[in-house]
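Here the structure is laid out as structure tokens; the discussion comes afterwards.
We count ligands from 1, going down the list as the structure has it; atoms in each ligand are counted the same way. If you read the sequence from its start, that first residue is 1, and numbering goes on from there. The structure presented is a predicted model; accordingly, all values stated were derived computationally and were not measured.
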Amino acid sequence: MVGVIEAPAGDVELVGLIAPDGAPIGDDPDVAPDQLTWLYETMVATRELDAEFVNLQRQGQLALFPSCRGQEAAQVGAAAALQDTDWLFPQYRELGVFLVRGIDPGGLGHMWRGTLHGGAGFTERNCAPLSIPIGTHALHAVGAAMASTLNNDGGVAVAFIGDGATSEGDVHEALNFAAVYEAPCIFYVQNNHWAISVPLADQLRAPSIAHKAVGYGMPGVRVDGNDVLACLAVTAEAAARARAGGGPTLIEAVTYRIGAHTTSDDPTRYRPAEELADWETRDPITRLGRYLAYRNLWSAELQQGALARAAELRTRLRNVVFDAPDPSPLEAFDHVFAAPTPALSAQRAELAAELAQRG
Ligand SMILES: Cc1ncc(C[n+]2csc(CCOP(=O)(O)OP(=O)(O)O)c2C)c(N)n1
Ligand SMILES: [Mg+2]
């Protein structure tokens with residue numbers, strides 16, 4: 001039909017560097033042995049700590065926890081490609097990103113317990129707080145990226161969003177703004193195939209999330225989200241482009257949420273068991289282990305060392321949050337602004353007076 005743009009059909013190539021059997025796809029990626037073992041250890045630490053968070057919630061120690069099991073490669077690979085000065089805007093499932101950034105899991109534990117109202121060290125590590133409202137933080141990321149351009153500080157901002165978040169108006173606005181202003185921003189979508197109980201197929205009519213980049217006028221990349229080296233490579237490329245003034249990139253990391261949406265969810269009520277079983281065979285940590293074996297870097301000591309270090313983190317998390325006392329309700333006012341506004345101070349005084357009255 002004249003004048004009608006046909007919807008782009010077919011698949012965008014899925015970028016992958018390691019095959020499921022651990023052999024490189026094409027040229028062997030040029031990653032140093034130290035970095036490979038560090039990636040492995042960090043993914044194992046993420047997996048193990050994630051299990052500890054879930055256990056603690058089950059024991060009544062945490063209010064809630066959203067597991068990132070299965071998404072370790074997508075998270076660790078992307079975060080490892082960035083500089084510590086780049087600003088990160090997480091959703092809520094990004095434990096692997098937080099570990100790479102050096103954010104203390106104990107602080108995260110307090111947050112999910114409800115015993116910390118701020119001050120977990122996010123800001124100090126150029127990481128915005130968790131965003132429970134879906135998609136709002138994509139706009140904040142674009143703002144931070146535009147600020148980097150104005151300050152000429154070479155910074156890149158990264159919005160970590162989910163497949164479900166791509167249906168939010170805020171994310172559309174963020175993508176368009178970033179494209180129009182050529183903001184040094186990466187939209188890193190972890191397509192884990194589910195938004196609570198809504199499957200990916202009910203989320204979009206485009207052939208893929210990466211396709212949507214065409215409409216905004218930015219590069220779109222589809223990467224195997226269970227291949228840590230591919231995630232690292234595509235994020236590094238997008239960051240280099242952004243830093244060089246090339247504007248934003250939309251990355252779709254195709255992965256899977258192995259666990260429940262959160263500890264309040266029961267996925268067996270809506271998710272086919274065969275689908276889960278299929279994705280369990282594509283485990284990202286197993287895949288990297290096989291590649292390490294291909295490179296002659298694999299050993300039982302490496303695995304045991306990674307588990308031992310992860311066990312230390314698990315113990316530390318337990319020690320920090322187990323039976324932690326409730327904080328003063330007044331702490332809720334402490335981390336709202338760098339300096340409290342008069343209205344906030346008045347509210348704090350009002351609550352303090354009420355608490356004093358109750359004794
Ligand atoms: C603005 C807004 N709408 C709805 C919700 C309820 N909600 C919480 S998580 C979620 C699904 C998000 O899915 P996705 O972006 O794919 O992230 P995932 O949980 O899969 O990591 C929804 C709809 C919310 N938190 N915020
Ligand atoms: Mg999702």
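Among protein heavy atoms, atom 25 (N) of ligand 1 sits closest to I132 O, 2.9 Å. Scanning the protein heavy atoms around atom 2 (C) of ligand 1, the nearest turns out to be I134 N, 3.6 Å. Of the protein's non-hydrogen atoms, the one nearest atom 14 (P) of ligand 1 is G164 N, 3.4 Å. What sits closest to atom 13 (O) of ligand 1 on the protein, heavy atoms only, is A195 CB, 3.2 Å. Nearest to atom 3 (N) of ligand 1 among the protein's heavy atoms is E168 OE2, 3.9 Å. If you check which protein heavy atom lies closest to atom 19 (O) of ligand 1, you get Y92 OH, 2.6 Å. Atom 17 (O) of ligand 1 has as its closest protein heavy atom Q91 NE2, 3.1 Å. Nearest to atom 22 (C) of ligand 1 among the protein's heavy atoms is I196 CD1, 3.7 Å.
In summary, the aromatic rings of H172 and Y216 are positioned with their centroids under 6.0 Å apart. With ring centers used as reference points, W279 lies under 6.0 Å from H193. Aromatic pair F187/F160: centroids not less than 6.0 angstrom apart. Remark: aromatic rings of W298 and Y40 are close, center separation under 6.0 Å.
Electrostatic pairing of R113 and D326 does not count as a salt bridge here, judged by no charged N lying under 4.0 Å from a carboxylate O. With respect to R287 and D224, a salt bridge is recorded, a charged nitrogen being found less than 4.0 Å from a carboxylate O.
Those atoms of ligand 1 with a heavy atom of R93 less than 4.0 angstrom away are 18 (P), 19 (O), 21 (O). Heavy-atom proximity to P133, at under 4.0 Å, picks out these atoms of ligand 1: 26 (N). For ligand 1, the atoms sitting less than 4.0 Å from at least one non-hydrogen atom of N192 are 18 (P), 20 (O), 21 (O), numbered in the order shown with element in parentheses. Counting the atoms of ligand 1 from 1 in the order shown, those under 4.0 Å from a heavy atom of H261 are 9 (S), 19 (O).
Checking G164 against the Mg ion (ligand 2), every N/O/S atom stays at or beyond the 2.8 Å cut-off. Distances from the Mg ion (ligand 2) show that N192 has an N/O/S atom below 2.8 Å.
Under 4.0 Å from ligand 1, heavy atoms of A165 appear from its side chain as well as its backbone.
Under the 3.5 Å distance criterion, with hydrogens and angles disregarded, no donor-acceptor pair is assigned to the side chains of D163 and Q203. Between the side chains of T249 and R241, at least one donor N or O sits under 3.5 Å from an acceptor N or O.
The aromatic rings of W194 and Y270 lie tilted to each other, with the angle between the two planes from 30° to 60°.
By the 6.0 Å contact criterion, CD on Q59 is enclosed, its count of non-hydrogen atoms from other residues, nucleotides or ligands being greater than 12.
Just one of Q71, E275, Q190 meets the side chain to side chain donor-acceptor pair (under 3.5 Å) condition when paired with Y256; it is E275.
Taking a distance limit of 4.0 Å, we find that atom 6 (C) of ligand 1 is approached by no protein heavy atom.
Among heteroatoms of the N, O or S kind in D163, OD1 lies nearest the Mg ion (ligand 2).
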